[in-house]
Number of protein chains: 2
Amino acid sequence: MKRAQIPEHLIDVAAALFNRLGYRAAGVDQVIAEAGIAKTTLYRHFKSKEDLIVAVLRRIDEHYRSEMRQAVDSLGLEGKPRLLATFDFLEGWFASEAFYGCPFICAAGEYCERSSAIFQESVMHKRLMVAYFEELARAASFDDPRRIADEINLLHEGATAVAHITGDPGAARKAKSAAARLMED
Amino acid sequence: MKRAQIPEHLIDVAAALFNRLGYRAAGVDQVIAEAGIAKTTLYRHFKSKEDLIVAVLRRIDEHYRSEMRQAVDSLGLEGKPRLLATFDFLEGWFASEAFYGCPFICAAGEYCERSSAIFQESVMHKRLMVAYFEELARAASFDDPRRIADEINLLHEGATAVAHITGDPGAARKAKSAAARLMED
DNA sequence: AATTATATGTACTAACCTGTATCTTTTGTC
DNA sequence: GACAAAAGATACAGGTTAGTACATATAATT
């Protein structure tokens with residue numbers, strides 16, 4: 001492996017591991033074993049496990065939002081259907097093997113202090129998600145794009161939690177149908 | 001303290017600690033210190049930490065559902081307003097100091113394996129919640145009480161996640177208003 | 001009052017954790 | 001090819017973890 005790829009590879013491996021086992025349950029020894037790098041190398045790139053977790057969350061945030069944008073844009077829809085398409089993206093995620101609930105909710109649950117960098121990373125991600133929904137709602141010419149964005153967000157979070165616990169990706173479709181009716185008025 | 005009270009007291013203390021610090025982050029040493037009992041005593045009542053966590057979740061489930069029932073019943077409402085009253089209960093919870101997100105979502109996030117007794121306890125709780133919502137929807141004479149229950153559930157889960165991350169209890173009111181519109185049709 | 005069951009206290013095990021120190025080997029650059 | 005930076009390997013420190021052993025004390029029961 002090229003040296004320049006190490007940090008990214010490390011983050012990818014760590015993300016998968018934290019996601020699958022939990023942030024506290026997965027140790028740095030497991031991360032380096034799976035990544036095939038030395039512990040010294042990990043600690044050269046990240047000053048602590050917490051630092052690594054923050055990097056992981058930041059990467060997941062970027063990846064998640066850009067993937068969602070791309071999925072939504074690729075359908076060439078406008079207005080309400082564009083907003084509703086975000087739920088189709090959700091369903092694909094829920095059905096994937098790598099789905100173990102929202103990584104940010106899980107991380108915030110494990111690092112409970114609001115002041116922790118990990119919790120704050122989750123706060124930031126959720127803010128950006130609502131901002132995206134508001135952008136879509138504004139483009140769809142809703143009277144109150146803020147309210148629509150909040151409601152889409154509630155349904156996204158709800159669907160994610162429900163799919164996590166029940167294991168049923170269909171939660172996304174139910175949320176989509178609810179969202180469609182909320183946008184009718 | 002009376003001997004008969006020990007198990008319950010232990011569960012209460014553990015529940016508060018797990019909730020505040022996280023299930024893996026809070027150790028049994030902290031639990032026994034806060035509860036003022038000996039470690040031997042804890043392990044006489046619970047064969048392992050996992051066993052204690054299951055007992056904690058079972059207690060939270062019973063407590064949560066009975067408190068919600070009581071809060072909803074006390075208002076003497078019928079039909080849709082009765083369903084909507086569940087969101088007022090949520091708001092009270094969100095505003096309390098003991099709110100650190102949904103204990104079941106957090107627990108399931110830390111003990112990721114679906115087969116684990118802890119995860120299954122969360123599955124059970126969520127099932128019972130939907131059953132309660134369906135009971136209310138049926139009493140309100142909805143054409144499709146199952147669908148209404150699922151939607152109320154989505155909004156409850158969404159509001160809980162949003163309130164957890166943003167720290168804003170107002171998520172409950174937004175979810176309530178969305179629920180009200182979903183029940184109009 | 002005697003007996004039985006349970007709680008306490010202390011010490012301990014054995015594993016695991018994050019993070020560091022040290023030294024050797026590899027890699028990229030001039 | 002020489003030199004510097006970074007990766008590897010190994011070992012280790014210092015702390016925490018869940019869980020147990022055992023001897024003593026305190027309840028509850030008969």
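Order of the sequence lines sets the chain letters (A, B, ...), proteins ahead of strands, with each chain counted from 1.
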Undergrad: Roughly how many Å is it from CZ in A:R44 to C1' in C:dA21, rounded to a whole number?
TA: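 Value for this atom pair: 13 Å.
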
Undergrad: Between A:L21 (CG) and C:dC17 (C1'), how many Å, whole number?
TA: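 Going from CG in A:L21 over to C1' in C:dC17 covers 15 Å.
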
Undergrad: Distance under 4.0 Å to a non-hydrogen atom of chain B counts as contact; along DNA chain D, which nucleotides mark the start and end?
TA: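 Span of nucleotides near chain B: D:dA18 to D:dA28.
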
Undergrad: What's the CZ-C1' distance between B:R24 and C:dA15, to the nearest Å?
TA: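 Whole-Å distance recorded here is 15 Å.
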
Undergrad: Quick one: do A:R146 and A:D150 make a salt bridge, cutoff under 4.0 Å?
TA: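 No, this pair does not count.
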
Undergrad: Which is more 5' along DNA chain C, the nucleotide nearest A:T40 or the one nearest A:D29? Just name the residue.
TA: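 Comparing both residues, the 5'-ward one is A:D29.
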
Undergrad: For B:K47 and B:A4, find the nucleotide of DNA chain D closest to each by heavy atoms; which residue's nucleotide sits nearer the 5' end?
TA: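 Its nearest nucleotide being more 5', the pick is B:K47.
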
Undergrad: Ion pair present between B:E184 and A:R181, side-chain N to carboxylate O less than 4.0 angstrom?
TA: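 Result for this pair is no, no salt bridge flagged.
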
Undergrad: Check the distance between C:dT20's P and A:Y43's OH and give it to me in whole angstrom.
TA: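 After rounding, the reported distance stands at 7 Å.
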
Undergrad: Any Lys/Arg nitrogen of B:R58 or B:E121 sitting under 4.0 Å from an Asp/Glu carboxylate oxygen of the other?
TA: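 Yes.
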
Undergrad: Rounded to the nearest angstrom, tell me the gap between atom CD1 in B:I32 and atom P in C:dT8.
TA: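 For the pair B:I32 CD1 and C:dT8 P, the rounded distance is 10 Å.
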
Undergrad: Are side-chain heavy atoms of B:I118 and B:Y23 found at a separation under 4.5 Å?
TA: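 The answer is no, as the side chains (C-beta and beyond) never meet within the 4.5 Å cut-off.
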
Undergrad: If you take atom types as modelled and just measure distance, does the side chain of B:K39 reach the base of C:dG9 with a donor-acceptor pair under 3.5 Å?
TA: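 It does not, because no donor-acceptor pair links the side chain of B:K39 to the base of C:dG9 below 3.5 Å.
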
Undergrad: Given atom CD1 of A:I53 and atom C1' of C:dC17, what is their separation to the nearest angstrom?
TA: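 Atom CD1 in A:I53 sits about 13 Å away from atom C1' in C:dC17.
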
Undergrad: Using the test side-chain contact (heavy atoms from CB on, under 4.5 Å), find all partners of A:R173 that sit at least two apart in sequence or belong to another chain.
TA: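 Per chain and number, A:R173 pairs via side-chain contact (heavy atoms from CB on, under 4.5 Å) with A:E91.
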
Undergrad: For the atom pair CZ (A:R127) and CG (A:N153), what is the distance rounded to the nearest 0.5 Å?
TA: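 So the CZ of A:R127 and the CG of A:N153 are separated by 12.5 Å.
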
Undergrad: Can you say whether the rings of B:H156 and B:F87 are parallel (under 30°), tilted (30 to 60°) or perpendicular (over 60°)?
TA: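 The rings of B:H156 and B:F87 sit tilted, inter-plane angle from 30° to 60°.
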
Undergrad: How far does CG of A:L57 sit from CE of A:M124, to the nearest 0.5 angstrom?
TA: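 Here the interatomic distance stands at 12.5 Å.
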
Undergrad: From the options B:F99, B:F104, B:F89, B:Y132, select the one residue that forms a ring pair (Phe, Tyr, Trp, His ring centres under 6.0 Å) with B:Y64.
TA: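 So the option named by the test is B:F89.
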
Undergrad: For nucleotides 26-30 of chain C, give me every protein contact, N/O to N/O, under 3.5 Å, one pair per line with atom names.
TA:
from	atom 1	to	atom 2	distance (Å)
C:dT26	O2	A:R3	NH2	3.2

Undergrad: Round to the nearest Å and state the distance from A:Y23 atom OH to C:dT18 atom P.
TA: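 Taking OH of A:Y23 and P of C:dT18, I get 15 Å after rounding.
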
